[in-house]
Amino acid sequence: MAAETLASEGLGGVTGTARVVVVGGGQAGLAAGYHLRRAGLDFVILDAQAEPGGAWTHGWDSLRLFSPARHSSLPGWPMPPYQGPGYPTAGHVVDYLAAYEKRYELPILRSETVTAVSRAGTGLRVSTDTGTWAAEAVISATGTWWRPFLPLMPGGFTGRRLHTVDYRSPKEFAGQDVVVVGGGNSGAQIAADLVGVANLTWVTRRPPRYLPDDIDGKALFDVATRRRQAIETGRPDTAGVAGLGDIVAVPPVRETRDAGLLDPRPMFARLDSDGPAWTDGSGCRADAIIWCTGFRPALGHLAPLRLRTTHGRIPTAGTRVVAEPRLHLLGYGDWTGPASATLIGVGMTARAAVADIKATLDIGG
Ligand code: FAD
């Protein structure tokens, strides 16, 4: 669609036009860019961060992939092998993502926060903190890291209250009483990180469910793909990765667990001023509570579209939003494609999203 057409449809003040605008330049946005380039579509990627790497630039110091480099690749170019011991570090992932966007000369505008996506004529208007883009289709790939979830908990706890996103290293908690809440990957990894440095209490809503020790990212992707195939062919839902467990037993988690140092308590009932209290009358002191209670999709910029959600998710057919077919969601979780929130999984989902967009735009002319 030509810029003049957009202007005649009332899109005055447009600072740029692109057939497809991708919101978010993390791994999902880059995978979308790779396939948009191959499809020959005119596009731009708008990313809020000043630097490449998406959420991988923000994790804690010891954060590592749960799979080797060869099973953590975006489409087209495999992640280079990691030379150090163990699985690749978050820094290695950031270097890979930075090199990836250069290699494919992806058109990324940085420090560009999308504040709103709205309908405008036959297209979509993408408003940022510096201007406005007109697009025929939008791929939203903003991830979840930017929307940490903390449950409401009554009580007047006076110590430090942190979320996964605030945690960097065990050093700042040396010798302190620290409660880690959460039985997922972040909770288990941060609890393992604190063992031997802080006086740790790990609290989980239900007993931790570890995936088999030999499971890595590749196996998780295969399980997620089998689930999608089962659903698509009318066979019983296998429950996918969730059916296997919640926690990937990465080496530090496995080692501390096997040494008997990761022994969780059930969820507490309330918070007193000095720490949590359980229904059996027991309690523990805490200097800090780290809530590893997950994330929600960062979809605030889509509010003007007034899309209904079911259990916090916008209904989609594949990646296409049912109520707004010009909008695709990529990378938020299994609901937008098998393992689409992972490095190995997002490529296949991005390819399907771009094929769908191309077919729709080709029909529209
Ligand atoms: P992000 O990396 O969050 O990128 C989104 C980008 O969008 C960011 O650059 C952000 O600045 C930008 N953005 C957000 N809002 C806006 C806006 N309004 N306007 C413009 N830009 C915006 N996956 C694996 O494959 N292997 C692993 O080992 C693994 N370990 C993980 C460990 C943890 C603790 C977590 C939380 C996740 C892990 N994942 C792993 C999952 C996944 O790889 C990451 O969550 C990944 O960062 C998701 O990529 P993304 O591109 O969807 O989102």
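If you read the sequence from its start, that first residue is 1, and numbering goes on from there. In each ligand, atom 1 is the first atom listed, and ligand 1 is the first ligand listed.
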Does any N/O atom on [X] come nearer than 3.5 Å to any N/O atom on ligand 1?
{"X": "Trp145", "value": "no"}
{"X": "Ala298", "value": "no"}
{"X": "Arg64", "value": "no"}
{"X": "Leu65", "value": "no"}
{"X": "Trp146", "value": "yes"}
{"X": "Ala48", "value": "yes"}
{"X": "Phe66", "value": "yes"}

When you check the gap from the basic side-chain N to the acidic O, do [X] and [Y] get nearer than 4.0 Å?
{"X": "Asp246", "Y": "Arg206", "answer": "yes"}
{"X": "Glu324", "Y": "Arg306", "answer": "no"}
{"X": "Arg37", "Y": "Glu105", "answer": "no"}
{"X": "Asp356", "Y": "Lys358", "answer": "no"}
{"X": "Arg110", "Y": "Asp47", "answer": "yes"}

Starting from [atom], find the nearest protein heavy-atom neighbour and note its residue, name and distance.
{"atom": "atom 6 (C) of ligand 1", "answer": "Asp47 OD1, 3.5 Å"}
{"atom": "atom 32 (C) of ligand 1", "answer": "Leu63 CD1, 4.0 Å"}
{"atom": "atom 30 (N) of ligand 1", "answer": "Trp56 CH2, 3.5 Å"}
{"atom": "atom 47 (O) of ligand 1", "answer": "Ala55 CB, 3.5 Å"}
{"atom": "atom 48 (C) of ligand 1", "answer": "Gln27 NE2, 3.6 Å"}
{"atom": "atom 7 (O) of ligand 1", "answer": "Gly24 CA, 3.2 Å"}

Q) Counting only heavy atoms not in Arg254, do more than 12 fall under 6.0 Å of its CZ? A)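 Correct, the count exceeds 12.
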Check if [X] has a non-hydrogen atom at a distance under 4.0 Å from any atom of ligand 1.
{"X": "Gln189", "value": "no"}
{"X": "Ser72", "value": "no"}
{"X": "Tyr167", "value": "no"}
{"X": "Leu46", "value": "yes"}

Winner among [options] once heavy atoms are compared against [atom]:
{"atom": "atom 42 (C) of ligand 1", "options": "Ser140, Pro297, Ala341", "value": "Ala341"}
{"atom": "atom 17 (C) of ligand 1", "options": "Val93, Val114, Leu97", "value": "Val114"}
{"atom": "atom 53 (O) of ligand 1", "options": "Ala50, Gly143, Ala28, Pro52", "value": "Gly143"}

Q) Is there a donor-acceptor pair closer than 3.5 Å between any side-chain N or O of Thr158 and the backbone N or O of Ser273? A)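 Flag set: sc Thr158 to bb Ser273 pair under 3.5 Å.
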Q) For atom 22 (C) of ligand 1, is the nearest protein heavy atom under 4.0 Å away? A)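 Yes, because at least one protein heavy atom sits under 4.0 Å from atom 22 (C) of ligand 1.
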**Q.** Any non-hydrogen protein atom less than 4.0 Å away from atom 40 (C) of ligand 1
**A.** yes
Q: Would you please classify the geometry between the Trp145 ring and the His58 ring as parallel, tilted or perpendicular, with 30° and 60° separating the classes?
A: tilted
Q. Hey, is Val23 touching ligand 1 through its side chain, its backbone, both or neither, going by heavy atoms under 4.0 Å?
A.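 Side chain only; the backbone of Val23 stays clear of ligand 1.
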Q: Go through the structure and list residues passing ring-ring contact (aromatic ring centres under 6.0 Å, His included) with Tyr104, not counting sequence neighbours.
A: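 Residues passing ring-ring contact (aromatic ring centres under 6.0 Å, His included) with Tyr104: Tyr34, Tyr100.
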